[in-house]
Amino acid sequence: MMKILMVCLGNICRSPLAEGILRDKFKKRKIAAEVDSSGTSNFHFGERPDPRTIEVADKHNIDIRSHRGNHFTVGDFDKYDKIYAMDLSNFRNVLKLARSENDRSKVEMILNVSNPGMNMEVPDPYYSGNDGFELVYRMLDQACEIIANSVETK
Ligand code: 4NP
């Protein structure tokens, strides 16, 4: 079974949303895959997602209320086949922990799925208003649609 990890900084905004979106797409396609998320910081370990993340997910019929903040650790390279970073800072912080070329090969900027080679970042919506969360939702939905379709055809 394919195992995918979404990574951001706090694990309360972008990556729990990415996890919820991709999980929903796999469920609808009846694909058995594991999707989780974590943060490169432990700032919000054990916490619920930001209320604005819960709200934007709700709006798109995705329930992420059961998520609790995780902290990315080196063992995650063994647990997951693919690790998607939301921005360049997350990407670099994850790569710093990589022990091998195999570890490094698992890590990708999530928007390179939808915009190959451009290293575009999912903007951190923490200090933005609700429109920031909707923009993040749309970027992640587009990338996750491609991920779900690519797993399906394998
Ligand atoms: P996230 O957003 O990385 O998308 O979960 C953030 C959440 C919290 C903080 C920064 C970004 N913070 O500094 O507490």
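Order of appearance sets the numbers: ligands from 1, and atoms from 1 within every ligand.
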Item to complete: Check ligand 1 against His44 and write out every atom of the ligand that is under 4.0 Å from a heavy-atom position of the residue.
Response: 8 (C), 12 (N), 14 (O)
Worksheet entry | His60 and Tyr137 aromatic ring geometry - parallel, tilted or perpendicular at 30°/60° bounds | parallel
Worksheet item: If you measure every N/O of Pro125 against every N/O of ligand 1, is any gap under 3.5 Å?
Response: no
Discussion item. What I want to know is whether Phe43 and ligand 1 share at least one N or O pair that is separated by under 3.5 angstrom.
Written reply: no
Worksheet item: When you look at CE of Met118, are more than 12 heavy atoms from neighbouring residues, nucleotides or ligands closer to it than 6.0 Å?
Response: no
Discussion item. Does any part of the side chain of Asn11, heavy atoms only, come nearer than 4.5 Å to the side chain of His44, both counted from C-beta?
Written reply: no
Worksheet entry | Side chain proximity check, Asn90 to Leu88, heavy atoms < 4.5 angstrom | no
Worksheet item: How about Tyr80 and Ile4: do any of their side-chain heavy atoms sit closer than 4.5 Å?
Response: no
Worksheet item: Who's the nearest protein heavy-atom neighbour of atom 9 (C) of ligand 1, and how far?
Response: Tyr126 CD2, 3.7 Å
Worksheet entry | ligand 1 versus Asp124: contacting region, heavy-atom distance under 4.0 Å | side chain
Item to complete: Please work out which of Met6, Met86, Arg14 has its closest non-hydrogen atom nearest to atom 4 (O) of ligand 1.
Response: Arg14
Fill in: Ile12: numbered ligand 1 atoms lying under 4.0 Å from its heavy atoms
5 (O), 7 (C), 8 (C)
Worksheet item: Of the protein's non-hydrogen atoms, which lies at the shortest distance from atom 1 (P) of ligand 1, and what is that distance?
Response: Cys8 SG, 3.5 Å
Worksheet entry | Nearest non-hydrogen partners of Pro49 and Ile54, listed with the distance | O-CD1, 3.7 Å
Worksheet item: Where's the contact between Asn90 and ligand 1, heavy-atom distance under 4.0 Å: side chain, backbone, both or neither?
Response: neither
Discussion item. Please check whether Cys13 reaches ligand 1 - meaning an N/O of the residue sits under 3.5 Å from an N/O of the ligand, judged on distance alone.
Written reply: yes
Worksheet item: So, Lys79 and Asp36, do they make that salt bridge, N to O below 4.0 Å?
Response: no
